[in-house]
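A quick write-up on the structure given underneath.
From a predicted model like this one, the values you see are computed outputs, not experimental measurements. Counting convention: from 1, in listed order, for ligands and their atoms alike.
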Amino acid sequence: RCCGSSKGIGEKERTLGIIKPDGFSGNYTDRIKQMVVEYGFNINREMVIQLDEELAAKFYAEHSSKSFFSSLIKYMTSGPVLVMILEKENAVAHWRDLIGPTDAGKAKLTHPQSIRAMCGVDLEKNCLHGSDSHQSAEREIAFFFKETPSDEAVEKHDEL
Ligand code: UDP
């Protein structure tokens with residue numbers, strides 16, 4: 001089966017992409033998906049979900065002690081998000097490349113071709129999420145999608 005805990009040369013990898021509330025409500029979804037496909041990703045699964053505070057806080061648990069945490073949770077729960085499993089060789093690194101730096105304001109100057117430059121605003125409202133490693137990708141995919149051994153995914157959360 002695809003994409004276990006380790007990956008070999010030429011093997012496909014998965015990552016988790018999220019179009020955050022500003023991107024989703026700002027009607028950027030179609031343009032983002034077009035860029036995703038042009039860049040060679042396969043959108044394996046997708047789901048629109050409205051995060052509540054508990055779920056958002058759990059997802060961003062590693063940032064819970066940071067000063068920006070409560071603002072981040074408010075932002076992430078401000079509207080529906082589109083969660084996607086993206087698949088291609090080197091998916092984690094390539095998705096981070098395509099979305100650009102965390103600070104979307106800076107991305108406009110330094111990475112004008114990136115998606116965050118197109119639809120993000122600043123360090124917080126940066127339009128997209130991308131897993132930062134192979135391990136986080138698999139953990140984050142499991143956080144949103146329940147997969148049976150036969151790979152038939154069933155969403156754990158209610159779809160909108
Ligand atoms: N964030 C923020 N202020 C900061 C750093 C990050 O509001 O100083 C937000 C931003 O939306 C970012 C998310 O918290 O995407 C997670 O931060 P991380 O450092 O993991 O950045 P990412 O991996 O998303 O680029």
**Request:** State whether the side chain of Lys108 and the backbone N or O of Ala117 hold a donor-acceptor pair below 3.5 Å, judged by distance alone.
**Result:**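 Checking the backbone N and O of Ala117 against the side chain of Lys108, a donor-acceptor pair under 3.5 Å is found.
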**Prompt:** How would you list, by chain and number, the residues with a heavy atom under 4.0 angstrom from ligand 1?
**Reply:**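 Lining ligand 1: Lys20, Tyr60, His63, Phe68, Leu72, Arg96, Thr102, Arg116, Leu123, Glu124, Asn126.
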**Message:** Does the structure place the NZ or CZ of Lys125 under 6.0 Å from the centre of the six-membered ring of Tyr75, at an angle of no more than 45° from the ring's axis?
**Reply:**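 Yes; both conditions hold, so Lys125 lies above the ring face of Tyr75.
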**Message:** How long is the straight-line distance from CZ of Arg14 back to CZ of Phe41, given to the nearest 0.5 Å?
**Reply:**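 So the gap between those two atoms works out to 14.0 Å.
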**Asked** Listed by chain and number, what are the ring-ring contact (aromatic ring centres under 6.0 Å, His included) partners of His129, not counting sequence neighbours?
**Response**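 For His129, the residues satisfying ring-ring contact (aromatic ring centres under 6.0 Å, His included) (neighbours in sequence not counted) are Phe59.
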**Item:** Given Leu82, Val81, Thr29, Ile19, the one that forms side-chain contact (heavy atoms from CB on, under 4.5 Å) with Val48
**Value:**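 Considering Leu82, Val81, Thr29, Ile19, a side-chain contact (heavy atoms from CB on, under 4.5 Å) with Val48 is found only for Leu82.
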**Request:** Go through the steps for Glu46 and Lys33 under the test salt bridge (Lys or Arg N to Asp or Glu O under 4.0 Å), then give the verdict.
**Result:** CA-CA 11 Å; Glu46 59 182 312; Lys33 279 191 177 175; 2.7 Å; yes
